[in-house]
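Step one of this worksheet: look at the structure below.
Order of appearance sets the numbers: ligands from 1, and atoms from 1 within every ligand.
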Amino acid sequence: MMQIKVTAPAQIHTTIQLPSSKSISNRALIINALGNRTFQLENLSDCDDTQVMIHALNDGKNTIDIMAAGTAMRFLTAYLSVTPGTRIITGTQRMQQRPIQVLVNALRELGAEIEYIINDGYPPLRITGHKLQKDTISLPGNVSSQYISALLMIAPILSNGLTLTLTGEIISRPYINLTLQLMNDFGARAKWLNEYQLKVEPQPYQSIPFYVESDWSAASYWYQIAALSNKAEIILPGLFETSYQGDSKVAEIFQLLGIESIYGNKTVTLKKTDKITERLDYDFINQPDLAQTFVVTCALMNIPFRFSGLQSLKIKETDRMAALIQEMGKLGYILHETDDRILSWEGERCEMTADVAIDTYEDHRMAMAFAPACVVMPEIRINNPQVVSKSYPYYWEDLKKAGFIIEEV
Ligand SMILES: O=C(O)C1=C[C@@H](OP(=O)(O)O)[C@@H](O)[C@H](O)C1
Ligand SMILES: C=C(OP(=O)(O)O)C(=O)O
């Protein structure tokens, strides 16, 4: 196992070129594959999750391994269901524990031919693609929005389009909106009919030049570094105030933690203010990927919190609720979990583990959210730091650029 020790500089003045959004990259790639494959996609992400998508779509292999990429697994399952040929789609051990039944059931109801190879409800899958006939479907919207995005993206090429009705509390809604936004940009006609129904017309995708913006979820770790530092000014090019990404909300929430976002010509500059909230209560139902960032930041800033809407964290790269409780415990913070969906901290402390090393559970966001802790500690050790490549391959290089010292131990 690899371990690194991370030490922070006294102050931070830096410009960081973030990775491109993997959510946008992976949508643009699927849409391109469903169109005539002539779109010019610029600035695609170089992260693992996008690389596996590019290989899946271009290599023509019968067995596709998407490793740990949830979006690739879900989007390709729908894509392969409408693409001639029989293929197996698989992923890491963890991917084989991340549920896909809601999507498979919906696709089967539309007429798709999909078999479970090992366990019912989970990858790997054997998929034989052909034309789908039905044009209306109802499915739960409270497990993963990626199932809904997957169905929406294939809908323009179905002969009668598709009307989707979502049941239960809809989670990660901004990601559904991101899908609609991209589909419409590429010439499709897709929209909400009301709070819980979506309609897509049978109208093919059109070719447009497309530039992928920087990743707002990745930006969250730089907001975190700025918030924990005594002195910091961080410039992030490639981010816009009006973004397609729901995680751009991070700017607003960090305002409560003393970080102001100043938007300039295709950049945002993070500056420190002294306006800091005494506690933070927030519902992360629409921004699940930001939860780890705020748990670590608030605790280390001594700001009690109650974060709700975290029910999807249990089925992500790891059970993120359990991982957060465990690793924050090592740092001396006692978190409480309620009803599988709330994490709270009211200031309760315990003794810090000697020689603490943070485990990352094959979860990029565990590594990226805990590393900034070294800003307020003498140092922090991170196990298996290479996990960051899932969404942000140059994370450690970027920290070095900002003056952090990273040593292999
Ligand atoms: O559609 C997407 O690009 C994503 C949707 C979210 O997943 P869920 O809908 O499963 O919450 C998010 O956590 C993931 O990182 C990316
Ligand atoms: C949950 C994530 O990704 P995915 O579900 O696409 O694997 C993530 O990047 O935090």
For ligand 2, the portion of Asp289 having any non-hydrogen atom under 4.0 Å away = side chain
task = Would you mind running through ligand 1 and noting each atom that sits below 4.0 Å from a heavy atom of Arg27?
result = 1 (O), 2 (C), 3 (O)
message = Can you confirm whether or not the ring centre of Phe210 sits under 6.0 Å from the ring centre of Phe186?
response = yes
note = Here the atoms of ligand 1 under 4.0 Å from any heavy atom belonging to Ser172 are 8 (P), 9 (O), 11 (O)
remark   = re atom 8 (P) of ligand 1, the protein heavy-atom contact at minimum distance is Lys316 NZ, 3.3 Å
inquiry  = Checking the N or O distance criterion of under 3.5 Å, is ligand 2 in contact with Arg320?
reply    = yes
query = What protein heavy atom sits nearest atom 5 (O) of ligand 2, and how far off is it?
reply = Arg98 NH2, 2.7 Å
inquiry  = Polar contacts were defined as any N/O atom of the residue lying under 3.5 Å from an N/O atom of the ligand; does this apply to Lys316 and ligand 2?
reply    = no
query = Any sub-3.5 Å donor-acceptor pair from Thr318's side-chain atoms to Arg320's backbone N or O?
reply = no
request  = Mind telling me whether Phe294 and Phe284 have parallel, tilted or perpendicular rings, with 30° and 60° as the class edges?
outcome  = tilted
ask   = Ser389 side chain to Gln386 main-chain N or O, any donor-acceptor pair under 3.5 Å?
value = yes
query = Got a sec: does the OH of Tyr282 have more than 12 other heavy atoms crowding it under 6.0 Å?
reply = yes
query = If you count the atoms of ligand 1 from 1 in the order shown, which ones are under 4.0 Å from a heavy atom of Lys22?
reply = 15 (O)
request  = Just need the protein heavy atom nearest to atom 10 (O) of ligand 2, so name the residue and atom and give the distance.
outcome  = Arg365 NE, 2.6 Å
message = I'd like to know if Arg74 contacts ligand 1, where contact means a heavy-atom distance under 4.0 Å to any ligand atom.
response = no
inquiry  = Heavy-atom pairs closer than 4.0 Å: do any link ligand 2 to the side chain of Met368, the backbone, both, or neither?
reply    = neither
query = With a 4.0 Å cut-off, would you call Lys390 and Asp363 a salt bridge?
reply = no
query = Taking atom CG of Asp185 and atom CD of Gln206, what is their separation to the nearest 0.5 Å?
reply = 11.5 Å
query = For ligand 2, is Ala68 a contact, meaning one of its heavy atoms is under 4.0 Å away?
reply = yes
request  = Report yes or no: does Trp216 contribute a side-chain atom to a donor-acceptor pair with the main-chain N or O of Lys249 at less than 3.5 Å?
outcome  = no
query = Checking Glu407 side chain against Ile4 main chain: does a donor-acceptor pair fall under 3.5 Å?
reply = no
message = Only heavy atoms of Thr71, strictly under 4.0 Å: list the atoms of ligand 2 that pass.
response = 6 (O)
note = The closest protein heavy-atom partner of atom 8 (C) of ligand 2 is Glu317 OE2, 3.0 Å
message = Considering non-hydrogen atoms of the protein only, which is the closest contact for atom 9 (O) of ligand 1, and what is the distance?
response = Ser145 OG, 2.5 Å
task = Would you mind checking which non-hydrogen protein atom is closest to atom 3 (O) of ligand 1, with the distance to 0.1 Å?
result = Ser23 OG, 2.6 Å
ask   = Rounded to the nearest 0.5 Å, how far does CG of Asn32 lie from OG of Ser207?
value = 7.5 Å
ask   = Is the closest N or O pair between Gly70 and ligand 2 shorter than 3.5 Å?
value = yes
task = Take Arg365 and Glu317 through the salt bridge (Lys or Arg N to Asp or Glu O under 4.0 Å) test and state the conclusion after the steps.
result = CA-CA 9 Å; Arg365 301 201 192 283; Glu317 283 78 338; 5.5 Å; no
query = Which distance, rounded to the nearest 0.5 Å, do you find between the CD1 of Ile89 and the CD1 of Ile117?
reply = 10.0 Å
remark   = Ranked by distance from atom 15 (O) of ligand 1, the top protein heavy atom is Asp289 OD2, 2.5 Å
task = Starting from atom 16 (C) of ligand 1, find the nearest protein heavy-atom neighbour and note its residue, name and distance.
result = Gln146 NE2, 3.5 Å
note = Here the atoms of ligand 1 under 4.0 Å from any heavy atom belonging to Thr71 are 2 (C), 3 (O)
ask   = CH2 of Trp222 to CG of Leu399: how many Å apart, nearest 0.5 Å?
value = 4.5 Å
query = What distance do Arg108 atom CZ and Lys134 atom NZ have between them, rounded to the nearest 0.5 Å?
reply = 14.5 Å
ask   = Among protein heavy atoms, which lies nearest atom 10 (O) of ligand 1, and at what distance?
value = Ser144 OG, 2.6 Å
query = Parallel, tilted or perpendicular for Phe305 and Phe307, by the 30°/60° rule?
reply = parallel
query = Which atoms of ligand 2 sit under 4.0 Å from any heavy atom of His364?
reply = 8 (C), 9 (O), 10 (O)
request  = Please verify whether a non-hydrogen atom of Gln146 lies at under 4.0 Å from ligand 2.
outcome  = yes
message = For atom 9 (O) of ligand 2, what's the nearest protein heavy-atom neighbour? Residue, atom name and distance, please.
response = Lys22 NZ, 2.7 Å
key: Arg74-ligand 2 polar pair, N/O distance under 3.5 Å   = no
